[in-house]
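Have a look at the structure below before the remarks.
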Number of protein chains: 2
Amino acid sequence: MEPSMRQPLVMVDTALFTIRDERLCLILARRQEPPFAGVLALPGGFVHVEEDADTAMAARRVIRHKVGFDAPYLEQLFTFSGPARDPRGWSVSVAYYALIPLSLLDQSQVAETWPAEALPPLPFDHSQIVAQAVERLRSKATYSSLPAFLLPGEFTMNELHRIYEQSIGARLDKASFRHKILEQGIIEALPDRFRVGAHRPAQLYRLASTALTPFERKI
Amino acid sequence: MEPSMRQPLVMVDTALFTIRDERLCLILARRQEPPFAGVLALPGGFVHVEEDADTAMAARRVIRHKVGFDAPYLEQLFTFSGPARDPRGWSVSVAYYALIPLSLLDQSQVAETWPAEALPPLPFDHSQIVAQAVERLRSKATYSSLPAFLLPGEFTMNELHRIYEQSIGARLDKASFRHKILEQGIIEALPDRFRVGAHRPAQLYRLASTALTPFERKI
DNA sequence: CTAGTTAATTGTAATTTGCAAGTAACATTT
DNA sequence: AAATGTTACTTGCAAATTACAATTAACTAG
């Protein structure tokens with residue numbers, strides 16, 4: 001290769017999803033450095049060639065720095081690039097999205113969650129990243145156990161049902177949902193564990209060992 | 001940011017799919033430059049910060065350079081990174097995959113197609129890229145009109161049926177396939193155009209104007 | 001004009017899904 | 001302790017979808 005070839009800045013940005021008040025939300029961070037210092041944006045940072053095994057590790061570092069732990073689910077989303085996305089010039093951002101149960105967040109972190117439908121204006125091309133992340137989540141929710149990662153380790157069937165509806169953005173039949181989910185074996189009942197309240201106790205479930213299970217589909 | 005921060009090499013690699021002799025194949029290129037000069041590999045190249053609007057444009061340039069035209073279907077696949085994937089050190093490769101009908105290739109290009117199931121050993125992490133590209137193609141074939149881009153502009157129902165079976169790697173019921181495809185409206189019949197032979201002529205179809213249509217799914 | 005071959009349709013059983021109503025199991029109130 | 005409210009869960013059945021198998025259609029070649 002030509003030794004004089006200029007190489008672009010390489011960074012990662014993360015869309016961190018959680019569910020708060022029955023709504024799909026994102027965790028935003030106020031930027032510490034220019035450009036856009038002080039502005040709310042997706043948590044992100046440069047890839048550290050000296051330390052990071054790959055961009056996924058850079059994304060995990062960004063997330064740990066933001067919330068203090070590793071996200072239960074993390075997946076590469078898309079790589080955004082071009083001369084216009086960052087005022088410093090041609091750059092590449094490898095975008096990741098992650099799913100985090102609200103119960104893992106502390107109060108100050110919960111205060112930084114914003115409904116995906118009502119985000120403040122975001123710098124760079126972060127709105128585009130969010131749009132694509134939401135689309136990916138919706139899409140995967142229709143044929144995999146992905147939304148379960150938005151819940152804590154133990155959850156009821158109705159909680160799972162609501163999370164799916166939120167993720168997909170549509171109503172799902174209760175009985176059919178129950179049937180399909182149990183049939184697919186993506187969750188398993190916890191014997192003798194129930195969520196109690198002023199009504200009939202609800203069976204508790206957890207994700208089955210086979211982490212992310214795609215549903216069966218046909219053409 | 002720290003002005004001394006070292007930035008990695010940024011390149012694109014492309015998995016170019018086509019169907020030859022009823023088999024899913026990839027177009028490989030012999031590398032002109034070191035490392036691995038003379039070795040068969042996925043067509044690729046560096047991102048030219050001065051010329052490329054984004055990595056997709058770099059991928060299009062690579063493909064034009066290889067086959068002489070733009071691929072009917074091109075999609076970003078995944079971004080691979082790390083210190084080990086290239087002997088020159090930490091690098092990033094934005095991988096794309098494309099679908100190209102065999103009929104668009106000339107003889108010398110057809111000679112460079114290799115069955116996806118029997119590829120020669122590939123340098124860098126290209127085997128991993130291929131594996132992921134095949135998986136993506138299989139996955140999308142089950143719920144979209146993607147495989148149609150492996151066919152020329154006009155095709156019969158049976159040709160489409162076979163392409164889907166090859167892409168997915170499983171048998172599909174003829175009648176159900178026909179039903180579903182026509183119902184979804186992803187293709188349209190060409191009135192009075194038929195493929196003739198020593199048997200009943202087959203209706204010719206083309207992709208409907210709505211390019212890539214995802215099928216409807218339910219949970 | 002018959003045999004051979006591929007295209008396309010039809011019919012039906014099995015399965016899946018959508019909708020709606022009913023039963024179960026609590027806590028709280030009377 | 002019985003009635004009430006609320007949420008959990010199951011059942012039943014109609015409607016839609018899919019799998020399987022057989023049949024009919026349209027051509028060419030001999």
Side-chain angles (χ1 to χ4, degrees), chain A residues 21-22 141-145 147-148 151-152 154-166 168-206 213-219, chain B residues 21-22 141-145 147-148 151-152 154-166 168-206 213-219:
Chain A
D21 305 333
E22 312 259 305
T142 63
Y143 63 87
S144 80
S145 56
L151 289 172
E154 302 186 351
F155 48 84
T156 68
M157 185 61 78
N158 279 342
E159 288 166 351
L160 187 65
H161 182 227
R162 275 197 294 274
I163 288 278
Y164 266 86
E165 291 190 331
Q166 250 103 63
I168 296 174
R171 206 140 289 290
L172 299 171
D173 180 67
K174 240 178 170 182
S176 302
F177 178 80
R178 181 184 220 86
H179 224 109
K180 185 130 184 177
I181 290 288
L182 289 178
E183 207 170 48
Q184 297 285 349
I186 71 166
I187 63 174
E188 52 194 24
L190 296 163
D192 305 321
R193 306 240 335 114
F194 296 90
R195 175 138 312 157
V196 297
H199 43 75
R200 175 172 173 176
Q203 175 68 247
L204 284 173
Y205 298 86
R206 70 171 172 204
T213 321
F215 297 169
E216 290 205 7
R217 290 162 292 169
K218 295 168 193 166
I219 237 185
Chain B
D21 304 334
E22 312 259 304
T142 63
Y143 64 88
S144 80
S145 56
L151 288 173
E154 303 185 349
F155 48 84
T156 68
M157 185 62 77
N158 278 341
E159 288 166 354
L160 187 65
H161 182 227
R162 274 197 295 272
I163 288 279
Y164 265 85
E165 290 190 331
Q166 249 103 65
I168 296 176
R171 208 141 288 289
L172 300 171
D173 179 67
K174 242 178 169 184
S176 302
F177 177 80
R178 182 183 219 86
H179 224 107
K180 185 132 184 177
I181 290 288
L182 289 177
E183 208 170 48
Q184 298 284 349
I186 72 165
I187 63 174
E188 51 194 25
L190 295 164
D192 305 321
R193 307 241 332 115
F194 297 90
R195 175 139 310 156
V196 296
H199 43 75
R200 173 172 173 175
Q203 175 67 246
L204 283 173
Y205 296 87
R206 68 171 174 206
T213 322
F215 299 169
E216 290 203 7
R217 290 161 292 169
K218 294 168 192 164
I219 240 186

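Order of the sequence lines sets the chain letters (A, B, ...), proteins ahead of strands, with each chain counted from 1. Note that this is a predicted model, so its numbers are computed, not measured.
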Exercise for the section: Measure the distance from CZ on B:Phe194 to P on C:dT5 and round it to the nearest whole Å. Expected result: 23 Å
Practice task
Keeping to residues at least two apart or across chains, list the salt bridge (Lys or Arg N to Asp or Glu O under 4.0 Å) pairs with something in residues 169-178 of chain B.
Solution key: B:Glu165-B:Arg171
Exercise for the section: Figure out the CG/P separation between B:Leu182 and D:dT18, and round it to whole Å. Expected result: 14 Å
Problem - Nucleotide nearest A:Met157 (side chain, heavy atoms from C-beta), chosen from D:dC9, C:dA7, D:dT10 - result: D:dC9
Fill in the blank from the handout: When rounded to whole Å, the CZ to C1' distance for the pair A:Phe155 and D:dA8 reads 16 Å
Problem - Separation of atom CD in B:Glu159 from atom C1' in C:dA8, rounded to whole Å - result: 15 Å
Exercise for the section: Measure the spacing between CD1 of A:Ile181 and OG of A:Ser176 and express it to the nearest 0.5 Å. Expected result: 11.5 Å
Practice task
Round to the nearest Å and state the distance from B:Arg178 atom CZ to D:dA19 atom C1'.
Solution key: 17 Å
Practice task
Using a cut-off of strictly less than 4.0 Å, decide whether B:Lys180 has a side-chain nitrogen or oxygen near OP1 or OP2 of D:dT17.
Solution key: no
Problem - B:Ala175 or B:Thr156, whichever maps to the more 5' nucleotide of DNA chain C - result: B:Thr156
Fill in the blank from the handout: A:Leu172 CG to C:dC19 P, in whole Å, measures 11 Å
Handout entry: First of B:Asn158 and A:His179 reached from the 5' end of DNA chain C, by closest nucleotide
Key = B:Asn158
Problem - For atom CZ of A:Arg195 and atom P of D:dT7, their distance in whole Å - result: 15 Å
Handout entry: Test salt bridge (Lys or Arg N to Asp or Glu O under 4.0 Å) applied to B:Glu22 - qualifying residues, sequence neighbours left out
Key = B:Arg162
Practice task
May I ask you to decide if B:Leu172's main-chain N or O and B:His161's side chain share a donor-acceptor pair within less than 3.5 Å?
Solution key: yes
Handout entry: Residues A:Glu154 and A:Arg195 bridged, charged N to O under 4.0 Å
Key = no
Exercise for the section: Report yes if some heavy atom in the side chain of B:Ile187 is under 4.5 Å from a heavy atom in the side chain of B:Arg206; otherwise report no. Expected result: no
Exercise for the section: With ring-ring contact (aromatic ring centres under 6.0 Å, His included) as the test, would you mind laying out the steps for B:Tyr164 and B:Phe177 before giving the verdict? Expected result: CA-CA 9 Å; B:Tyr164 265 85; B:Phe177 177 80; 5.1 Å; yes
Exercise for the section: Grab the OH-P distance between A:Tyr143 and C:dT16 for me, whole Å please. Expected result: 21 Å
Check the interface with nucleotides 25-30 of chain C: list each N/O to N/O pair with the protein under 3.5 Å, or write none.
| residue | atom | partner | partner atom | Å |
| --- | --- | --- | --- | --- |
| C:dA25 | N3 | A:Arg200 | N | 3.2 |

Practice task
Would you indicate which nucleotide in D:dC20, C:dA7, C:dG18 comes nearest to any side-chain atom of A:Asp173?
Solution key: C:dG18
